[in-house]
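The figures that follow rest on heavy atoms only: side chains count, while hydrogens, waters and symmetry mates do not.
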Amino acid sequence: SVLLNGGGALVPQFETPIQANTVAGGRLVIAAGDAVYESFNQGDNVSIIGAGLQGSAIDYGGVSGGVTNANVLYVGVGSSVYLRTNGTGNLTVSPTAFPGGSIRDVKMDPQDWRTLYVVTSGNIYMTTNAGASWSDITGNLAGKELFSVAVISHPTLGSGGVVVGTLAGGDLSAVSPIGAWSQ
């Protein structure tokens, strides 16, 4: 078991999401059964940053305008998106309520952490302003069972895409315009 700062032990979920920071080595976030935890030393010590939150999806560490932000963090908890855009404090719920259902996956755009893609069982949503507003970009994926999301980019081409995992494989949409999916 993982020992907490000040004693006690982390309470695992049946499936306990763990995410390494994408821009700062040694940093982890763990979505346990009793709280969301953060570690700055590969899990040797952990601190609660979301008491009582039982997360299902995490993305941690990002870039915007070429500047890294090791503190940016998104966590899907039930049908809410919690985030932290700076500092190392606790998570807060997104400025505008997430319009979808139970969250299965979250993924930041690797070029701009303010852009986040969120997958529920039947829809995919996007924010370009760190949760201040949401757009349903499900498009022609309506009726498919959705599970995961990945954002791909190609630095020399300057373009990218979003891939959504379904029971039938993956569906891809260009970032611009987003929402026209092809298997």
Side-chain angles (χ1 to χ4, degrees), residues 1-98 100 102-120 124-132 134 147-153 155 160 162-163 165:
S1 73
V2 175
L3 295 179
L4 306 177
N5 294 346
L10 179 146
V11 176
Q13 297 186 65
F14 178 74
E15 204 174 285
T16 302
I18 300 172
Q19 178 70 47
N21 193 298
T22 59
V23 298
R27 293 178 68 168
L28 302 171
V29 169
I30 304 165
D34 60 334
V36 176
Y37 297 87
E38 184 172 34
S39 173
F40 297 104
N41 56 7
Q42 302 174 9
D44 288 340
N45 299 92
V46 296
S47 298
I48 293 175
I49 58 169
L53 301 179
Q54 191 173 22
S56 59
I58 309 167
D59 205 8
Y60 184 35
V63 174
S64 183
V67 177
T68 61
N69 182 348
N71 297 317
V72 67
L73 170 62
Y74 290 95
V75 180
V77 178
S79 59
S80 297
V81 174
Y82 285 78
L83 67 134
R84 183 184 67 203
T85 58
N86 57 44
T88 56
N90 290 337
L91 296 166
T92 58
V93 72
S94 64
T96 301
F98 177 67
S102 184
I103 296 168
R104 290 188 167 178
D105 199 11
V106 298
K107 193 59 65 186
M108 285 181 256
D109 184 304
Q111 304 302 313
D112 185 2
W113 59 259
R114 291 170 186 84
T115 298
L116 180 75
Y117 301 92
V118 181
V119 170
T120 67
I124 181 165
Y125 297 87
M126 178 178 87
T127 180
T128 58
N129 50 20
W134 297 95
F147 293 96
S148 59
V149 61
V151 182
I152 57 174
S153 63
V162 178
V163 178

side-chain contact (heavy atoms from CB on, under 4.5 Å) assessment of V81 paired with L116: CA-CA 10 Å; V81 174; L116 180 75; 4.1 Å; yes

Quick one: pull up CG in N129 and CH2 in W134 and give me the separation to the nearest 0.5 Å. 9.0 Å

Backbone N/O of T85 and side chain of N69: donor-acceptor pair under 3.5 Å: yes

Which heavy atom of V77 sits nearest to which heavy atom of G55, and what is that distance? CG2-CA, 3.9 Å

Can you name the one residue among V63, V151, V23 that meets side-chain contact (heavy atoms from CB on, under 4.5 Å) with P110? V151

T128: partners by side chain to side chain contact (heavy atoms under 4.5 Å, CB included), with sequence neighbours left out: T115, M126

Closest non-hydrogen atoms of G131 and P95, given as atom of the first, atom of the second and distance, are O-CD, 3.5 Å

From CA spacing to verdict: side chain to side chain donor-acceptor pair (under 3.5 Å), S39, N41: CA-CA 6 Å; S39 173; N41 56 7; 3.0 Å; yes

Counting N and O atoms only, with roles assigned by atom type, does the side chain of T96 sit under 3.5 Å from a partner on the main chain of A132, one being a donor and the other an acceptor? yes

Indicate yes or no: at least one non-hydrogen side-chain atom of Y82 is less than 4.5 angstrom from one of V36. no

Euclidean distance, R27 CZ relative to L73 CG, rounded to 0.5 Å: 9.0 Å

Kindly compute the distance separating CE (M108) from CH2 (W113), expressed to the nearest 0.5 Å. 9.0 Å

Nearest heavy atoms of Y74 and V106, plus distance in Å: O-CG2, 4.1 Å

Closest heavy-atom pair and its distance - A51, A35: CA-CB, 4.0 Å

Say whether, by atom type as modelled, one donor and one acceptor occur between the side chain of Q13 and the main chain of A31 under 3.5 angstrom. yes

Check side chain to side chain contact (heavy atoms under 4.5 Å, CB included) between Q19 and all other residues, then give those that pass, not counting sequence neighbours. T22, I58, D59, Y60

Would you say the side chain of L91 lies within less than 4.5 Å of the side chain of R84, judging by non-hydrogen atoms? yes

side-chain contact (heavy atoms from CB on, under 4.5 Å) assessment of V75 paired with I49: CA-CA 11 Å; V75 180; I49 58 169; over 6 Å; no

Can you name the residues that form a ring pair (Phe, Tyr, Trp, His ring centres under 6.0 Å) with Y125, not counting sequence neighbours? F98

Is any side-chain heavy atom of I124 less than 4.5 Å from a side-chain heavy atom of V149? yes

Short question: side chain of E38, backbone of G89 - any donor-acceptor pair under 3.5 Å? no

Counting distance only, does the side-chain N/O of S56 pair as donor-acceptor with the main-chain N or O of G76 below 3.5 Å? yes

If you measure from CG on L53 to OH on Y37, what distance do you get to the nearest 0.5 Å? 11.0 Å

Could you state the interatomic distance from CD1 (I152) to NZ (K107), rounded to the nearest 0.5 Å? 13.5 Å

